[in-house]
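All remarks here apply to the structure that follows.
Read the numbers this way: they start at 1 and go in the same order the structure lists the ligands and their atoms.
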Amino acid sequence: MSQSEVLFEQASRYIPGGVNSPVRAFKAVGGTPVFLQSAKGSRVTDVDGKSYIDYVQSWGPMVLGHSHPEVIAAVTEAIGAGLTFGAPTERETILAQMVCERMPGMDLVRFVNSGTEATMSAIRLARAYTGRDTIVKFEGCYHGHSDSLLIKAGSGALTLGVPSSPGVPSVLAEHTTTLNYNDAEQVRTFFAEHGEKVACIIVEPVAGNMNCIPPQPGFLQALRQVCDEQGAMLIFDEVMTGFRVSATGAQGYYQVQPDLTTLGKVIGGGMPVGAFGGKREIMEHIAPKGPVYQAGTLSGNPVAMAAGIATLSLLDEADFYPRLSEKTGQLMSGLESAAAEAGIAFTTNSVGSMFGGFFTEEKTVSNYQQVMACDTERFNRFFHGMLREGVYLAPASYEAGFMSQAHTHEDIEQTVEAARKVFATL
Ligand SMILES: Cc1ncc(COP(=O)(O)O)c(C=O)c1O
Ligand SMILES: N[C@H](C=O)CCC(=O)O
């Protein structure tokens, strides 16, 4: 038995399914999850001592790569001063200012501990502000696991076949309407009939939880327009895209400004952080300034804030995002050529450093139905082949991949070479 198998067996005795987040369990692809013990730059090392080029990057936060020395130094310094105080610290203001100055749609921001908390709180605020209950989301988008949002959800929920989870009260579920991503016409039709009941639309501006699906030209603009016409809030869930697709998030990249934005992942630099924010007038409804309650014992934790500040500071480098996109482009074209050489039908999508590959004859993949029609069995064989070759991809075909600045051109060439070998066996 490998050490990962031993540890998984032990973990399964005490932890449901042996993991603390379902998507880690390799249920979709089969086999035993790889237990990791360290990570540096573009690589992770497992408990059996095998090293992998990592395109999961802890599901997105590690845009600088793992264990960046400046982030580790900032965290180490913060730890020396105490782990948590439950009182305001200067670091919270520094990170808040950095976030608000960079994100076009954010005047005020509140820090929480996860993306789930961020989206849950933003929805509550949108409902309170508009005095309406209905929320609109899109099939295959994932916004964390709060009740109102676990309906036709993506990511692990989709992978495990429970996109609408048991345990969500029907009285709550009936207030969530799910529409088709990238179908602006359907959104317009729905709003023409029901728009006055809608508190908000929540959307992943680049969907990254049904693989990687960029918005079609005009889709995000159409959401902005219907919200404006009907007095609904537009929430961009930028937990994944924030500081990942550009220095100003997807809202800067696509030039569409939401009313509220949720963040997570990159802003915590690898520590548990989420945030929600938006226009001053709306955010001032949050307690203690306003009546909408929201709180957290560890919110704005000093160690997490230190990691976020160090991370965002490093993203200011002039060509940071162009370099990242260029590397992603190199990987995508390399994978497409390798697949073509092997006669495998394979299409890729990418925005900035988010990417996805699809085993399909379709030349473009832009909606949930197309994603669901892809050959998942072939993906599963590809995943295991790449793992054997030392490349760590997300263990499910509905997850986006992530490039980091620590990935080198040699890493990418090595990945393409591995893919060439694996495609030939599929
Ligand atoms: C777009 C999006 N929103 C929200 C979440 C929830 O974040 P968390 O897992 O930190 O609760 C995730 C990831 O899990 C995500 O990708
Ligand atoms: N796709 C999810 C977040 O983006 C994966 C993280 C998780 O659920 O463990």
Side-chain angles (χ1 to χ4, degrees), residues 15-29 33 36 54-63 111-123 135 137-151 153-160 162-163 165 181 200-215 235-245 249-251 258 260-276 296 298-299 301 304 307-308 351 353-356 371 392-402:
I15 301 172
V19 290
N20 283 307
S21 195
V23 73
R24 299 177 193 171
F26 277 35
K27 257 197 133 166
V29 292
L36 300 180
D54 175 28
Y55 294 101
V56 179
Q57 296 288 318
S58 193
W59 305 97
M62 312 314 291
V63 71
F111 291 113
V112 294
N113 301 290
S114 68
T116 296
E117 274 185 67
T119 54
M120 178 184 77
S121 308
I123 296 279
I135 64 175
K137 69 177 286 292
F138 296 93
E139 188 162 22
C141 283
Y142 177 69
H143 305 288
H145 60 91
S146 68
D147 285 348
S148 291
L149 293 167
L150 257 195
I151 294 163
S155 189
L158 184 58
T159 303
L160 299 183
V162 283
S165 174
Y181 195 81
C200 62
I201 297 179
I202 184 164
V203 65
E204 287 184 69
V206 178
N209 286 290
M210 49 170 158
N211 207 314
C212 176
I213 305 288
I235 304 176
F236 274 7
D237 180 357
E238 297 228 42
V239 167
M240 192 180 279
T241 55
F243 300 104
R244 165 123 329 251
V245 300
Q251 55 199 268
L260 291 171
T261 300
T262 56
L263 295 168
K265 300 195 191 264
V266 172
I267 58 157
M271 299 293 291
V273 180
F276 65 102
L298 293 176
S299 292
N301 173 269
V351 180
S353 57
M354 270 173 78
F355 65 83
V371 173
Y392 189 68
L393 301 172
S397 57
Y398 303 129
E399 303 288 345
F402 302 101

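Proximity of Cys141 to Asn209: side-chain heavy atoms (C-beta onward) are nowhere separated by under 4.5 Å. Side-chain contact check for Cys200 versus Ile135: some heavy-atom pair is nearer than 4.5 Å. With a 4.5 Å cut-off on side-chain heavy atoms, Glu399 and Ser155 count as touching. Trp59 has its side chain within reach of Val23: a pair of non-hydrogen atoms, C-beta onward, lies under 4.5 Å apart. Looking at Lys27 and Pro22, their side chains never come closer than 4.5 Å, going by heavy atoms from C-beta outward.
Between Phe402 and Val56, the shortest heavy-atom distance links the atoms CD1-O, 3.3 Å. The nearest pair of heavy atoms linking Phe236 to Gln251 is CD2-CB, 3.9 Å.
Here the side chain of Ser146 pairs no donor or acceptor atom with the backbone of Thr116 at under 3.5 angstrom.
Checked against Asp237 for a side-chain contact (heavy atoms from CB on, under 4.5 Å), the options Thr261, Leu149, Leu263, Thr262 give a single hit: Thr262.
If you look at ligand 1, the protein residues with a non-hydrogen atom under 4.0 Å away are Ser114, Gly115, Thr116, Tyr142, His143, Gly144, Glu204, Asn209, Asp237, Val239, Met240, Lys265. Within 4.0 Å of ligand 2, heavy atoms belong to protein residues Ser21, Val23, Trp59, Ser155, Asn209, Met240, Lys265, Glu399.
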